[in-house]
**Q** 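Below is a structure I'd like to ask you about.
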2 protein chains.
Amino acid sequence: MSQDPTPPDAGADLVRAAIDLLAERGPQALQARRLAIAAGTSTMAVYSRFGGMPELVRAVAREGFARLCAHLKASPQTDDCVADLLKMAGAYRQNALENRHLYQVMFGLDESGAQSDTAEGRTAFGYLLRAATRCIDAGRLDQAPPLTVAAQLWSAMHGYVLLEMAGYFGTTGATDVLPSLTTNLVIGLGDLPERARASAAK
Amino acid sequence: MSQDPTPPDAGADLVRAAIDLLAERGPQALQARRLAIAAGTSTMAVYSRFGGMPELVRAVAREGFARLCAHLKASPQTDDCVADLLKMAGAYRQNALENRHLYQVMFGLDESGAQSDTAEGRTAFGYLLRAATRCIDAGRLDQAPPLTVAAQLWSAMHGYVLLEMAGYFGTTGATDVLPSLTTNLVIGLGDLPERARASAAK
DNA sequence: ATCCTGCCATAACACTGTTATAAATCTCGA
DNA sequence: TCGAGATTTATAACAGTGTTATGGCAGGAT
(Lines give C-alpha, C1' and ligand atoms only; values in the text may rest on other atoms or scores of the structure.)
Protein backbone atom coordinates (compact mmCIF):
# COMPACT_ATOMS: atom_id res chain seq x y z
CA MET A 1 0.00 0.00 0.00
CA SER A 2 3.03 2.27 0.39
CA GLN A 3 4.09 4.36 -2.57
CA ASP A 4 7.68 5.02 -3.40
CA PRO A 5 8.70 8.11 -1.50
CA THR A 6 9.74 9.74 -4.76
CA PRO A 7 8.12 7.94 -7.64
CA PRO A 8 10.36 8.93 -10.55
CA ASP A 9 7.83 10.47 -12.86
CA ALA A 10 9.82 12.07 -15.66
CA GLY A 11 6.84 14.16 -16.67
CA ALA A 12 6.34 15.72 -13.24
CA ASP A 13 10.09 16.18 -12.90
CA LEU A 14 10.18 18.12 -16.13
CA VAL A 15 7.35 20.41 -15.07
CA ARG A 16 8.98 20.96 -11.70
CA ALA A 17 12.30 21.77 -13.32
CA ALA A 18 10.56 24.08 -15.77
CA ILE A 19 8.83 26.03 -13.01
CA ASP A 20 12.03 26.29 -10.98
CA LEU A 21 14.15 27.43 -13.91
CA LEU A 22 11.41 29.77 -15.01
CA ALA A 23 11.49 31.51 -11.64
CA GLU A 24 15.27 31.70 -11.51
CA ARG A 25 16.34 32.32 -15.08
CA GLY A 26 13.25 33.66 -16.79
CA PRO A 27 11.34 32.48 -19.83
CA GLN A 28 14.41 31.88 -21.98
CA ALA A 29 15.25 28.98 -19.69
CA LEU A 30 12.29 26.98 -20.98
CA GLN A 31 14.40 24.91 -23.37
CA ALA A 32 14.18 21.22 -24.04
CA ARG A 33 17.83 20.40 -23.39
CA ARG A 34 18.10 22.57 -20.30
CA LEU A 35 14.95 21.12 -18.77
CA ALA A 36 16.03 17.59 -19.60
CA ILE A 37 19.37 18.07 -17.84
CA ALA A 38 17.72 19.70 -14.84
CA ALA A 39 15.23 16.84 -14.62
CA GLY A 40 17.96 14.24 -15.01
CA THR A 41 16.76 12.84 -18.30
CA SER A 42 17.10 13.55 -22.00
CA THR A 43 15.14 15.63 -24.44
CA MET A 44 13.20 12.63 -25.65
CA ALA A 45 11.27 12.61 -22.40
CA VAL A 46 9.72 15.88 -23.49
CA TYR A 47 8.27 14.09 -26.49
CA SER A 48 7.33 10.77 -24.97
CA ARG A 49 5.61 12.52 -22.06
CA PHE A 50 4.19 15.66 -23.60
CA GLY A 51 4.54 15.42 -27.36
CA GLY A 52 6.61 18.57 -27.61
CA MET A 53 7.60 21.79 -25.91
CA PRO A 54 4.24 23.55 -26.44
CA GLU A 55 2.42 20.87 -24.49
CA LEU A 56 5.00 21.02 -21.72
CA VAL A 57 4.59 24.78 -21.52
CA ARG A 58 0.86 24.30 -21.25
CA ALA A 59 1.42 21.89 -18.40
CA VAL A 60 3.51 24.58 -16.72
CA ALA A 61 0.70 27.06 -17.21
CA ARG A 62 -1.76 24.61 -15.66
CA GLU A 63 0.46 24.35 -12.61
CA GLY A 64 0.58 28.14 -12.48
CA PHE A 65 -3.19 28.35 -12.43
CA ALA A 66 -3.26 25.71 -9.72
CA ARG A 67 -1.00 27.91 -7.60
CA LEU A 68 -3.21 30.89 -8.30
CA CYS A 69 -6.25 28.90 -7.23
CA ALA A 70 -4.49 27.95 -4.01
CA HIS A 71 -3.75 31.61 -3.32
CA LEU A 72 -7.32 32.66 -4.00
CA LYS A 73 -8.74 29.81 -1.99
CA ALA A 74 -6.67 30.88 0.99
CA SER A 75 -8.11 34.38 0.78
CA PRO A 76 -10.30 34.95 3.85
CA GLN A 77 -14.06 34.83 3.92
CA THR A 78 -15.47 37.11 6.59
CA ASP A 79 -18.80 38.80 7.13
CA ASP A 80 -17.65 41.74 4.99
CA CYS A 81 -17.91 40.28 1.53
CA VAL A 82 -16.65 43.40 -0.22
CA ALA A 83 -13.58 43.51 2.00
CA ASP A 84 -13.03 39.87 1.06
CA LEU A 85 -13.30 40.76 -2.60
CA LEU A 86 -10.74 43.55 -2.29
CA LYS A 87 -8.43 41.30 -0.33
CA MET A 88 -8.73 38.70 -3.04
CA ALA A 89 -7.51 41.27 -5.54
CA GLY A 90 -4.49 41.84 -3.33
CA ALA A 91 -3.87 38.11 -3.14
CA TYR A 92 -4.13 37.93 -6.91
CA ARG A 93 -1.50 40.65 -7.27
CA GLN A 94 0.77 39.06 -4.69
CA ASN A 95 0.66 35.69 -6.41
CA ALA A 96 1.36 37.24 -9.79
CA LEU A 97 4.33 39.28 -8.56
CA GLU A 98 5.82 36.37 -6.66
CA ASN A 99 5.64 34.23 -9.81
CA ARG A 100 5.98 36.88 -12.47
CA HIS A 101 7.47 34.73 -15.21
CA LEU A 102 5.00 31.98 -14.51
CA TYR A 103 2.18 34.50 -14.70
CA GLN A 104 3.38 35.62 -18.14
CA VAL A 105 3.48 32.03 -19.33
CA MET A 106 -0.04 31.46 -18.05
CA PHE A 107 -1.40 34.22 -20.23
CA GLY A 108 1.30 34.42 -22.87
CA LEU A 109 0.52 33.11 -26.27
CA ASP A 110 3.84 31.93 -27.54
CA GLU A 111 3.49 31.20 -31.23
CA SER A 112 2.82 27.51 -30.87
CA GLY A 113 0.63 26.99 -27.85
CA ALA A 114 -1.81 29.86 -28.28
CA GLN A 115 -2.44 29.70 -24.55
CA SER A 116 -6.01 30.95 -24.80
CA ASP A 117 -8.92 30.28 -22.56
CA THR A 118 -7.77 27.28 -20.56
CA ALA A 119 -10.04 25.25 -18.34
CA GLU A 120 -7.68 25.94 -15.43
CA GLY A 121 -8.05 29.66 -16.03
CA ARG A 122 -11.79 29.31 -15.74
CA THR A 123 -11.40 27.44 -12.48
CA ALA A 124 -9.41 30.34 -11.05
CA PHE A 125 -12.00 32.70 -12.44
CA GLY A 126 -14.57 30.69 -10.49
CA TYR A 127 -13.17 31.91 -7.19
CA LEU A 128 -13.56 35.49 -8.28
CA LEU A 129 -17.03 34.71 -9.56
CA ARG A 130 -18.03 33.26 -6.21
CA ALA A 131 -16.75 36.27 -4.29
CA ALA A 132 -18.62 38.62 -6.61
CA THR A 133 -21.80 36.58 -6.33
CA ARG A 134 -21.62 36.81 -2.55
CA CYS A 135 -21.49 40.60 -2.78
CA ILE A 136 -24.45 40.70 -5.12
CA ASP A 137 -26.52 38.32 -3.02
CA ALA A 138 -25.68 40.31 0.09
CA GLY A 139 -26.97 43.46 -1.57
CA ARG A 140 -23.63 45.23 -1.45
CA LEU A 141 -23.42 45.27 -5.26
CA ASP A 142 -26.20 46.01 -7.72
CA GLN A 143 -28.13 43.16 -9.26
CA ALA A 144 -26.21 42.24 -12.39
CA PRO A 145 -25.01 39.08 -14.07
CA PRO A 146 -22.21 37.85 -11.81
CA LEU A 147 -20.27 36.82 -14.90
CA THR A 148 -19.98 40.37 -16.16
CA VAL A 149 -19.22 41.69 -12.68
CA ALA A 150 -16.42 39.18 -12.19
CA ALA A 151 -15.19 39.86 -15.72
CA GLN A 152 -14.82 43.54 -14.92
CA LEU A 153 -12.95 42.82 -11.72
CA TRP A 154 -10.67 40.33 -13.42
CA SER A 155 -9.93 42.77 -16.23
CA ALA A 156 -8.90 45.43 -13.74
CA MET A 157 -6.72 43.06 -11.72
CA HIS A 158 -5.10 41.48 -14.74
CA GLY A 159 -4.38 44.77 -16.46
CA TYR A 160 -2.98 46.37 -13.36
CA VAL A 161 -0.71 43.43 -12.61
CA LEU A 162 0.69 43.33 -16.14
CA LEU A 163 1.37 47.05 -16.28
CA GLU A 164 3.00 46.99 -12.88
CA MET A 165 5.19 44.07 -13.94
CA ALA A 166 6.12 45.92 -17.13
CA GLY A 167 7.34 48.79 -14.96
CA TYR A 168 4.87 51.45 -15.99
CA PHE A 169 3.95 52.21 -12.40
CA GLY A 170 7.56 51.86 -11.39
CA THR A 171 8.70 54.58 -9.10
CA THR A 172 6.75 57.49 -10.45
CA GLY A 173 4.65 57.85 -7.35
CA ALA A 174 1.62 56.01 -8.71
CA THR A 175 1.48 53.73 -5.71
CA ASP A 176 -1.53 51.97 -4.31
CA VAL A 177 -3.17 51.96 -7.69
CA LEU A 178 -4.71 48.53 -7.27
CA PRO A 179 -6.56 49.23 -4.01
CA SER A 180 -7.95 52.45 -5.46
CA LEU A 181 -8.84 50.71 -8.70
CA THR A 182 -10.72 47.86 -7.12
CA THR A 183 -12.40 50.09 -4.55
CA ASN A 184 -13.58 52.53 -7.21
CA LEU A 185 -14.79 49.70 -9.39
CA VAL A 186 -16.77 48.24 -6.51
CA ILE A 187 -18.33 51.63 -5.93
CA GLY A 188 -19.31 51.82 -9.57
CA LEU A 189 -20.78 48.35 -9.25
CA GLY A 190 -23.16 49.64 -6.63
CA ASP A 191 -21.51 49.66 -3.23
CA LEU A 192 -21.84 52.82 -1.17
CA PRO A 193 -18.62 54.86 -1.34
CA GLU A 194 -18.16 55.10 2.42
CA ARG A 195 -18.86 51.42 2.96
CA ALA A 196 -16.51 50.47 0.15
CA ARG A 197 -13.73 52.63 1.52
CA ALA A 198 -14.29 51.23 4.99
CA SER A 199 -14.03 47.72 3.59
CA ALA A 200 -10.88 48.67 1.73
CA ALA A 201 -9.35 49.98 4.94
CA LYS A 202 -9.66 46.56 6.52
CA MET B 1 15.14 69.51 -54.36
CA SER B 2 12.95 66.58 -55.36
CA GLN B 3 13.20 63.46 -53.26
CA ASP B 4 13.12 60.01 -54.71
CA PRO B 5 9.50 58.90 -54.72
CA THR B 6 10.46 55.86 -52.68
CA PRO B 7 13.74 56.44 -50.93
CA PRO B 8 14.92 52.88 -50.33
CA ASP B 9 15.48 52.85 -46.62
CA ALA B 10 16.20 49.25 -45.70
CA GLY B 11 15.44 49.97 -42.05
CA ALA B 12 11.96 51.32 -42.69
CA ASP B 13 11.33 48.56 -45.22
CA LEU B 14 12.16 45.94 -42.62
CA VAL B 15 9.82 47.47 -40.06
CA ARG B 16 7.07 47.74 -42.64
CA ALA B 17 7.54 44.12 -43.67
CA ALA B 18 7.59 43.08 -40.04
CA ILE B 19 4.31 44.81 -39.29
CA ASP B 20 2.66 43.40 -42.39
CA LEU B 21 3.83 39.85 -41.77
CA LEU B 22 2.93 40.19 -38.11
CA ALA B 23 -0.64 41.03 -39.01
CA GLU B 24 -0.93 38.26 -41.60
CA ARG B 25 1.06 35.38 -40.18
CA GLY B 26 1.32 36.14 -36.49
CA PRO B 27 4.31 36.51 -34.19
CA GLN B 28 6.18 33.50 -35.54
CA ALA B 29 6.68 35.41 -38.77
CA LEU B 30 9.07 37.83 -37.06
CA GLN B 31 12.19 36.05 -38.32
CA ALA B 32 15.32 37.60 -39.71
CA ARG B 33 15.41 35.69 -42.99
CA ARG B 34 11.70 36.02 -43.65
CA LEU B 35 11.73 39.76 -43.02
CA ALA B 36 14.84 40.22 -45.13
CA ILE B 37 13.23 38.45 -48.07
CA ALA B 38 10.00 40.40 -47.67
CA ALA B 39 11.95 43.65 -47.52
CA GLY B 40 14.07 42.69 -50.53
CA THR B 41 17.37 42.57 -48.72
CA SER B 42 19.42 40.15 -46.70
CA THR B 43 19.62 39.35 -43.02
CA MET B 44 22.65 41.56 -42.57
CA ALA B 45 20.45 44.61 -42.91
CA VAL B 46 18.87 43.62 -39.61
CA TYR B 47 22.26 44.01 -37.96
CA SER B 48 23.63 47.04 -39.77
CA ARG B 49 20.36 48.92 -39.23
CA PHE B 50 19.20 47.68 -35.86
CA GLY B 51 21.96 45.65 -34.29
CA GLY B 52 19.83 42.53 -33.97
CA MET B 53 16.33 41.16 -33.90
CA PRO B 54 15.45 42.48 -30.43
CA GLU B 55 16.08 46.05 -31.53
CA LEU B 56 14.03 45.51 -34.67
CA VAL B 57 11.17 44.15 -32.60
CA ARG B 58 11.38 47.23 -30.41
CA ALA B 59 11.16 49.39 -33.50
CA VAL B 60 8.02 47.47 -34.44
CA ALA B 61 6.63 48.13 -31.00
CA ARG B 62 7.37 51.83 -31.36
CA GLU B 63 5.42 51.88 -34.59
CA GLY B 64 2.59 50.08 -32.82
CA PHE B 65 2.48 52.74 -30.13
CA ALA B 66 2.52 55.40 -32.84
CA ARG B 67 -0.57 53.83 -34.37
CA LEU B 68 -2.20 53.70 -30.96
CA CYS B 69 -1.43 57.38 -30.45
CA ALA B 70 -3.01 58.17 -33.81
CA HIS B 71 -6.14 56.29 -32.81
CA LEU B 72 -6.35 58.05 -29.46
CA LYS B 73 -5.63 61.44 -30.99
CA ALA B 74 -8.51 60.95 -33.41
CA SER B 75 -10.87 60.28 -30.53
CA PRO B 76 -13.33 63.17 -30.32
CA GLN B 77 -13.19 65.99 -27.83
CA THR B 78 -16.64 67.33 -27.07
CA ASP B 79 -18.14 69.27 -24.20
CA ASP B 80 -18.86 65.98 -22.38
CA CYS B 81 -15.40 65.08 -21.17
CA VAL B 82 -16.50 61.84 -19.54
CA ALA B 83 -18.18 60.70 -22.73
CA ASP B 84 -14.89 61.47 -24.48
CA LEU B 85 -13.03 59.39 -21.95
CA LEU B 86 -15.33 56.42 -22.43
CA LYS B 87 -15.11 56.77 -26.20
CA MET B 88 -11.35 56.78 -25.90
CA ALA B 89 -11.53 53.45 -24.14
CA GLY B 90 -13.53 52.12 -27.07
CA ALA B 91 -10.96 53.46 -29.50
CA TYR B 92 -8.23 51.81 -27.45
CA ARG B 93 -10.01 48.48 -27.67
CA GLN B 94 -10.68 48.85 -31.36
CA ASN B 95 -7.05 49.61 -32.14
CA ALA B 96 -5.87 46.67 -30.08
CA LEU B 97 -8.26 44.20 -31.70
CA GLU B 98 -7.48 45.41 -35.20
CA ASN B 99 -3.76 44.93 -34.55
CA ARG B 100 -3.85 42.11 -32.05
CA HIS B 101 -0.44 40.64 -32.74
CA LEU B 102 1.12 44.07 -32.82
CA TYR B 103 -0.52 44.86 -29.51
CA GLN B 104 1.04 41.77 -27.97
CA VAL B 105 4.46 42.75 -29.28
CA MET B 106 4.04 46.26 -27.88
CA PHE B 107 3.73 44.84 -24.40
CA GLY B 108 6.22 42.05 -24.89
CA LEU B 109 3.83 39.18 -24.37
CA ASP B 110 5.33 37.09 -27.11
CA GLU B 111 8.41 35.99 -25.16
CA SER B 112 10.69 37.79 -27.56
CA GLY B 113 12.10 40.42 -25.32
CA ALA B 114 10.61 41.76 -22.10
CA GLN B 115 9.31 44.97 -23.62
CA SER B 116 9.08 47.15 -20.53
CA ASP B 117 8.15 50.75 -20.00
CA THR B 118 8.94 52.34 -23.34
CA ALA B 119 8.95 56.07 -23.93
CA GLU B 120 6.40 55.57 -26.72
CA GLY B 121 4.12 53.80 -24.27
CA ARG B 122 4.27 56.83 -22.02
CA THR B 123 3.37 59.07 -24.93
CA ALA B 124 0.24 57.03 -25.57
CA PHE B 125 -0.46 57.11 -21.86
CA GLY B 126 -0.27 60.90 -22.12
CA TYR B 127 -3.46 61.01 -24.18
CA LEU B 128 -5.30 59.09 -21.52
CA LEU B 129 -3.77 61.30 -18.88
CA ARG B 130 -4.99 64.41 -20.66
CA ALA B 131 -8.53 63.10 -21.00
CA ALA B 132 -8.59 62.19 -17.31
CA THR B 133 -7.24 65.59 -16.31
CA ARG B 134 -9.99 67.28 -18.27
CA CYS B 135 -12.59 65.34 -16.31
CA ILE B 136 -10.98 66.24 -13.02
CA ASP B 137 -10.65 69.90 -13.90
CA ALA B 138 -14.23 69.97 -15.07
CA GLY B 139 -15.36 68.64 -11.72
CA ARG B 140 -16.81 65.45 -13.15
CA LEU B 141 -14.24 63.33 -11.31
CA ASP B 142 -13.00 63.76 -7.76
CA GLN B 143 -9.84 65.68 -7.12
CA ALA B 144 -7.08 63.12 -7.26
CA PRO B 145 -3.66 62.80 -8.83
CA PRO B 146 -4.37 62.49 -12.57
CA LEU B 147 -1.56 59.97 -12.81
CA THR B 148 -3.28 57.49 -10.55
CA VAL B 149 -6.64 58.13 -12.20
CA ALA B 150 -5.23 57.49 -15.65
CA ALA B 151 -3.33 54.48 -14.33
CA GLN B 152 -6.57 52.94 -13.12
CA LEU B 153 -8.28 53.54 -16.43
CA TRP B 154 -5.36 52.15 -18.37
CA SER B 155 -5.22 49.06 -16.17
CA ALA B 156 -8.87 48.36 -16.83
CA MET B 157 -8.60 48.89 -20.57
CA HIS B 158 -5.41 46.88 -20.92
CA GLY B 159 -6.65 43.99 -18.85
CA TYR B 160 -9.97 43.80 -20.59
CA VAL B 161 -8.41 43.89 -24.04
CA LEU B 162 -5.95 41.11 -23.24
CA LEU B 163 -8.56 38.85 -21.72
CA GLU B 164 -10.88 39.42 -24.64
CA MET B 165 -8.08 38.62 -27.09
CA ALA B 166 -7.26 35.47 -25.13
CA GLY B 167 -10.84 34.37 -25.61
CA TYR B 168 -12.03 34.40 -22.03
CA PHE B 169 -15.03 36.54 -22.86
CA GLY B 170 -15.53 34.62 -26.05
CA THR B 171 -19.11 33.66 -26.58
CA THR B 172 -20.25 33.10 -23.03
CA GLY B 173 -22.58 36.05 -23.05
CA ALA B 174 -20.24 38.42 -21.25
CA THR B 175 -20.65 41.09 -23.88
CA ASP B 176 -20.27 44.81 -23.44
CA VAL B 177 -17.94 44.29 -20.54
CA LEU B 178 -15.68 47.19 -21.45
CA PRO B 179 -18.38 49.90 -21.50
CA SER B 180 -19.69 48.67 -18.16
CA LEU B 181 -16.19 48.46 -16.76
CA THR B 182 -15.15 51.96 -17.75
CA THR B 183 -18.49 53.46 -16.77
CA ASN B 184 -18.41 51.84 -13.36
CA LEU B 185 -14.83 52.91 -12.84
CA VAL B 186 -15.69 56.48 -13.72
CA ILE B 187 -18.53 56.37 -11.21
CA GLY B 188 -16.14 55.14 -8.55
CA LEU B 189 -13.80 57.96 -9.48
CA GLY B 190 -16.48 60.44 -8.55
CA ASP B 191 -18.86 60.96 -11.43
CA LEU B 192 -22.56 60.80 -10.64
CA PRO B 193 -24.00 57.46 -11.73
CA GLU B 194 -26.78 58.94 -13.86
CA ARG B 195 -24.46 61.40 -15.53
CA ALA B 196 -21.89 58.70 -16.19
CA ARG B 197 -24.46 56.38 -17.70
CA ALA B 198 -25.82 59.19 -19.82
CA SER B 199 -22.32 59.91 -21.08
CA ALA B 200 -21.81 56.22 -21.80
CA ALA B 201 -25.01 56.16 -23.83
CA LYS B 202 -23.58 58.75 -26.19
C1' DA C 1 10.71 -18.09 -22.56
C1' DT C 2 8.95 -14.96 -26.01
C1' DC C 3 7.14 -11.24 -27.90
C1' DC C 4 5.58 -6.70 -27.41
C1' DT C 5 4.85 -2.16 -26.04
C1' DG C 6 6.47 2.09 -24.13
C1' DC C 7 10.27 4.82 -22.73
C1' DC C 8 14.85 6.68 -23.07
C1' DA C 9 19.79 8.05 -24.77
C1' DT C 10 22.37 9.23 -28.74
C1' DA C 11 22.81 11.43 -32.90
C1' DA C 12 21.19 13.70 -36.86
C1' DC C 13 17.96 17.15 -39.24
C1' DA C 14 15.87 21.65 -40.29
C1' DC C 15 15.49 25.84 -38.57
C1' DT C 16 16.69 30.05 -35.75
C1' DG C 17 19.71 34.40 -34.56
C1' DT C 18 24.17 35.81 -35.16
C1' DT C 19 28.83 36.54 -36.93
C1' DA C 20 33.00 36.38 -40.26
C1' DT C 21 34.58 37.76 -44.63
C1' DA C 22 34.94 40.05 -48.74
C1' DA C 23 32.75 42.69 -52.34
C1' DA C 24 29.96 46.61 -53.46
C1' DT C 25 28.40 51.12 -52.40
C1' DC C 26 28.25 55.49 -50.53
C1' DT C 27 30.51 59.87 -48.34
C1' DC C 28 32.93 63.63 -48.62
C1' DG C 29 36.96 66.48 -48.53
C1' DA C 30 41.06 67.67 -51.62
C1' DT D 1 36.81 64.64 -60.59
C1' DC D 2 38.63 61.83 -57.95
C1' DG D 3 39.90 58.46 -54.63
C1' DA D 4 40.67 56.97 -49.75
C1' DG D 5 37.86 55.75 -45.84
C1' DA D 6 33.75 54.22 -43.93
C1' DT D 7 29.48 51.96 -44.24
C1' DT D 8 26.36 48.54 -46.00
C1' DT D 9 25.49 44.32 -48.14
C1' DA D 10 25.49 39.35 -49.79
C1' DT D 11 27.24 34.89 -49.03
C1' DA D 12 28.45 31.44 -46.08
C1' DA D 13 29.51 29.51 -41.78
C1' DC D 14 28.67 29.00 -36.57
C1' DA D 15 26.20 28.02 -32.25
C1' DG D 16 21.91 27.24 -30.56
C1' DT D 17 16.92 25.79 -30.81
C1' DG D 18 12.88 22.20 -31.37
C1' DT D 19 12.16 18.03 -33.44
C1' DT D 20 12.74 13.46 -35.38
C1' DA D 21 15.14 8.94 -36.54
C1' DT D 22 17.44 5.02 -34.70
C1' DG D 23 18.64 1.59 -31.54
C1' DG D 24 18.70 -0.36 -26.94
C1' DC D 25 16.56 -1.18 -22.67
C1' DA D 26 13.19 -2.46 -19.17
C1' DG D 27 8.71 -4.33 -17.82
C1' DG D 28 4.45 -6.95 -18.59
C1' DA D 29 1.17 -10.30 -20.98
C1' DT D 30 0.57 -14.53 -23.22
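First the proteins, then the strands, lettered A, B, ... as listed; each starts at 1.
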**Q** Taking the six-membered ring for Trp, are the ring centroids of B/His71 and B/Tyr127 within less than 6.0 Å of each other?
**A**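 No; B/Tyr127 has its ring centre 6.0 Å or more from that of B/His71.
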**Q** On DNA chain C, which is the earliest and which the latest nucleotide, 5' to 3', with an atom closer than 4.0 Å to a heavy atom of chain A?
**A**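 First-to-last contact on DNA chain C, by the 4.0 Å heavy-atom rule, is C/dC8 to C/dA12.
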**Q** Has B/Ser42 got a side-chain N or O lying under 4.0 Å from the OP1 or OP2 atom of D/dT9?
**A** no
**Q** Using the ring centroid of each side chain, check whether B/Tyr160 and A/Trp154 are separated by less than 6.0 Å.
**A** no
**Q** Under the rule for ring-ring contact (aromatic ring centres under 6.0 Å, His included), what residues qualify as partners of A/Phe50, not counting sequence neighbours?
**A**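 Partners of A/Phe50 by the ring-ring contact (aromatic ring centres under 6.0 Å, His included) criterion come out as none, since no residue qualifies.
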**Q** One thing to verify: whether B/Arg16 and B/Asp13 come together as a salt bridge, which I'm taking to mean a side-chain N less than 4.0 angstrom from a carboxylate O.
**A**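 Yes, charged N to carboxylate O under 4.0 Å.
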**Q** Going by the salt bridge (Lys or Arg N to Asp or Glu O under 4.0 Å) test, which pairs reach into residues 141-154 of chain A, not counting sequence neighbours?
**A** none
**Q** Suppose we screen for side chain to side chain donor-acceptor pair (under 3.5 Å). Which residues come up paired with A/Gln94, at least two apart in sequence or across chains?
**A**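 Once residues adjacent in sequence are excluded, the partners of A/Gln94 under the side chain to side chain donor-acceptor pair (under 3.5 Å) criterion are A/Glu98.
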**Q** When you check every protein heavy atom under 4.0 Å of nucleotides 12-29 of chain D, what one-letter string (B, S, -) results, 5' to 3'?
**A** -B---BBBBB--------
**Q** In chain order, what residues pass the salt bridge (charged side-chain N to carboxylate O under 4.0 Å, His left out) check against A/Asp80, with sequence neighbours excluded?
**A**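 With sequence neighbours excluded, A/Asp80 shows a salt bridge (charged side-chain N to carboxylate O under 4.0 Å, His left out) to A/Arg140, A/Lys202, given in chain and number order.
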**Q** Given ring-ring contact (aromatic ring centres under 6.0 Å, His included), test A/His158 with A/Tyr92 step by step and report yes or no.
**A** CA-CA 9 Å; A/His158 183 56; A/Tyr92 187 95; 7.3 Å; no
